J.: 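Before anything else, here's the structure in question.
Computed from a predicted model, the values in this text were never measured in an experiment. Here is how names work: the chains are called A, B, and so on, in the same order as the sequence lines, proteins then strands, and each is numbered from 1. Computed from heavy atoms alone, side chains included, the values below leave out hydrogens, waters and symmetry copies.
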Amino acid sequence: MAKTYDYLFKLLLIGDSGVGKTSILFRFSEDAFNISFISTIGIDFKIRTIDLDGKKVKLQIWDTAGQERFRTITTAYYRGSMGIMLVYDVTNEKSFENIKNWIRNIEENASADVEKMILGNKCDLDAKRQVSKEQGEKLAIEYQIKFVETSAKDSLNVEYAFYTLARDIKAKMEKKQEASNPPGNRSGVHTLNDTDRKRQPTSWLARCSVL
Amino acid sequence: MSSSSVEDIPEQCRDLFTQDGVLLKACMGRSISDLNSIGMLCIVQNTDSSKCIEWRPNDLITIDSDTQDQEWAVVNTIGRRQRTLSGNMTSDYAAARARIIRIPIRDLKTFKCSRNNQQMQFSTKPGVWHNTFYFQHGNAEIFVSNLKNHVKTAKTRHDRNTYVVVEPNLESQELNRSFAELDIFTENTTDVVWNFVSNFKQRPYATTMEAFSKLNDIVYYGNETMNGKRDVSEEVADLLTKSMSALEDATSVTRSDEYEVINVKPTLPPRPCIPRGTPLSTEKWEGLHDTEGRITEVEGVKQLIFRGSLVEKDVNRTDRTHPFFAGDNNPNLIVLQDILMTYVMYNFDLGYVQGMSDILAPLLLLLGNEVDSFWCFVGFMDKIASNFDMDQAGMKQQLLNLQLLLTFASPELARHVASKDSGNMYFCFRWLLVWFKREFSHADIMR
Ligand SMILES: Nc1nc2c(ncn2[C@@H]2O[C@H](COP(=O)(O)OP(=O)(O)OP(=O)(O)O)[C@@H](O)[C@H]2O)c(=O)[nH]1
Ligand SMILES: [Mg+2]
């Protein structure tokens, strides 16, 4: 039986309870949003196969519970993951401050070369905002991690975030695999849905390539 | 056979807390040769979930070197004692075992720290100190704070280092605990409270007036506790203790017309300024954890909890697709939240854990009223509280059992699961935690 994908990437979503991890994943896998989502108990996962520079990449995305009581369970999933999304809620300053703790958690439990990305979610709620975009960018630069503000509700930058993380993992993998071969074509296009492409902040793309 | 006899030590006890380097200084009914030996002081949970304080001489303790996995450490301690007992030890071992000292926690009446907090004494009968231990490493502080997780205590007023256990029976344990936590009464909480409550039910007016008049007496006629130097909470606590015990005296001989109406306005001491904070926000709540997610200031948190919490976040995410909980400003959500908040108060130690709202929602749906749902929830939580334990030991044990079961029922599947790095069975965590509530349709859950 032929494989239906070229690569399998295991990704992980972490962050405080209620920041919108499940909503982001639901947006990405189902392209939907549900205001009254159930809290995650333990762990959960979703799968979506994307096309990346002509390769079929199957993303197996693990969604974790934010509450600390479940942490012994959730940290068990750090080790096998190749990419981790750190999510905070722009309307909740504490969830932003906790990103540092989550990063430390990664350092203690995940493999050293895991790809990371910080997401500032719920950026549609501008009136309730407690964390500015600049604060997010500053933190990201400090830790040398890519950053983007997202909205699971408005489908803003969710696709972009997963594609970016997947592309980084692929690049790292190919670099390792084909150390002797000439570097692969990294400038290839990726599929963004219309909302994403339209609202993509251009300044972002610029910053991304710098980081 | 007495409960402290050595023979009936259950074979599968669990060490909840252990403190090494503890010297046995004195023990009633023990020969001198037993004294001054070093051992380990533990808090142990028996298979029937009763607990006891246990001291084991060092020559009995074997170190479990083959199980280093921290993750499963809690589970491993269950096995430790079994291994110890089944080891090839002979009469030496039996003799050593006979030296174990056990104090069932339900019998514990008082304990006391002295000598720079390095000495601890236990008593199961007023007026007699049965056991004296000396802490060689550090002091008794950690042991005491751990012990306080298992018994509710009050410090006696004349001696700050003596603790009185206030937890007479298991039925009212949780409720007493709630009262004790409130720290209103310094002594013998339950009797006073229940007397007050039952009197209040029977003779509300007289009881209230009595209480007030006694309070008034204390305030008006001045009192040795009102020297203004002690902090407010202490003053209030003492005031209440006094008025309550005075009340108890009065009511026990049923003198119902004992109060007097005082017309003179008493000069009250200046009213202490007590600033009130805003309700506990999610932000604050998350901020109370340290980096590893532990709550550092348990007492502070308990205070804050009465003013709102994570519960709210979850209530908005529980069974909202069901018509009973659907829609904005649905009054049933408020009931759901109220019950959970009451439960947090009712069972402080456990606190709120995600998943509880899932268990409560069908109960509320079925019973339709707050009081019945609450008690039903309490009963159900009693059954499954270990699922929500801080250390997740209950869940880990269940997952381990499940894995064993699978190995037996379908070795092939078990091998496959293990080969996929899932031998820990964590993928079944949710199934077990909320009893498959999330896996079936509403209709099936309600059956
Ligand atoms: N306005 C807005 N609300 C959002 C967004 N993302 C999530 N939410 C809401 O935030 C709440 C929590 O979202 P979840 O996705 O359940 O949060 P979580 O991080 O998975 O939480 P845990 O499972 O408890 O760790 C839900 O009520 C969502 O509807 C967003 O982008 N915008
Ligand atoms: Mg979730």
J.: Of the backbone (N, CA, C, O) and the side chain (C-beta and beyond), which part of B:Gln392 lies under 4.5 Å from a heavy atom of chain A, both, or neither?
T.: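 Side chain of B:Gln392 only, per the 4.5 Å heavy-atom cut-off to chain A.
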J.: Would you mind checking which part of B:Asp314 comes under 4.5 Å of any heavy atom in chain A, side chain (CB onward), backbone (N, CA, C, O), both or neither?
T.: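 B:Asp314 touches chain A through side-chain heavy atoms alone.
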J.: Hey, are B:Asp444 and B:Ser441 close enough side-chain-wise for a donor-acceptor pair under 3.5 Å?
T.: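 The answer is yes; a qualifying pair exists.
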J.: Please state whether the side chain, the backbone, both or neither of A:Asn105 comes within less than 4.5 Å of a heavy atom of chain B.
T.: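 Neither part, no heavy atoms under 4.5 Å.
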J.: What parts of residues 358-365 of chain B touch chain A if we use heavy atoms and a cut-off under 4.5 Å?
T.: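 If one takes a 4.5 Å heavy-atom cut-off, the residues of residues 358-365 of chain B near chain A are B:Asp358.
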J.: Side chain, backbone, both or neither: which part of A:Tyr77 has a non-hydrogen atom closer than 4.5 Å to chain B?
T.: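 Side chain only.
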J.: Tell me every residue that passes side chain to side chain contact (heavy atoms under 4.5 Å, CB included) with B:Ala414, counting only those two or more places apart in sequence or in another chain.
T.: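 With neighbours one apart ignored, the set is B:Leu406, B:Thr407.
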J.: Is the NZ or CZ atom of A:Arg69 both under 6.0 Å from the centre of the six-membered ring of B:Phe388 and within 45° of that ring's axis?
T.: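 No - A:Arg69 does not lie over the ring of B:Phe388 by the 6.0 Å and 45° rule.
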J.: Under 4.5 Å from any heavy atom of chain B, what part of A:Thr40 do you find: side chain, backbone, both or neither?
T.: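 Just its backbone gets close to chain B.
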J.: Under the rule for side chain to side chain donor-acceptor pair (under 3.5 Å), what residues qualify as partners of B:Asp328, not counting sequence neighbours?
T.: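 Side chain to side chain donor-acceptor pair (under 3.5 Å) list for B:Asp328, sorted by chain: empty.
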J.: Below 30° counts as parallel, above 60° as perpendicular, anything between as tilted: where do the rings of B:Tyr346 and B:Phe374 land?
T.: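 Because their plane-to-plane angle is over 60°, the rings of B:Tyr346 and B:Phe374 count as perpendicular.
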J.: Tell me every residue that passes side chain to side chain contact (heavy atoms under 4.5 Å, CB included) with B:Asn329, counting only those two or more places apart in sequence or in another chain.
T.: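 Here no residue qualifies.
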J.: With a 4.0 Å cut-off on N to O distance, would you call A:Arg129 and A:Glu149 a salt bridge?
T.: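 Judged by the 4.0 Å cut-off on N to carboxylate O distance, A:Arg129 and A:Glu149 do form a salt bridge.
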J.: Inspect the contact between B:Glu439 and B:Arg430 and indicate whether a charged nitrogen and a carboxylate oxygen are less than 4.0 angstrom apart.
T.: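 Salt bridge present between B:Arg430 and B:Glu439.
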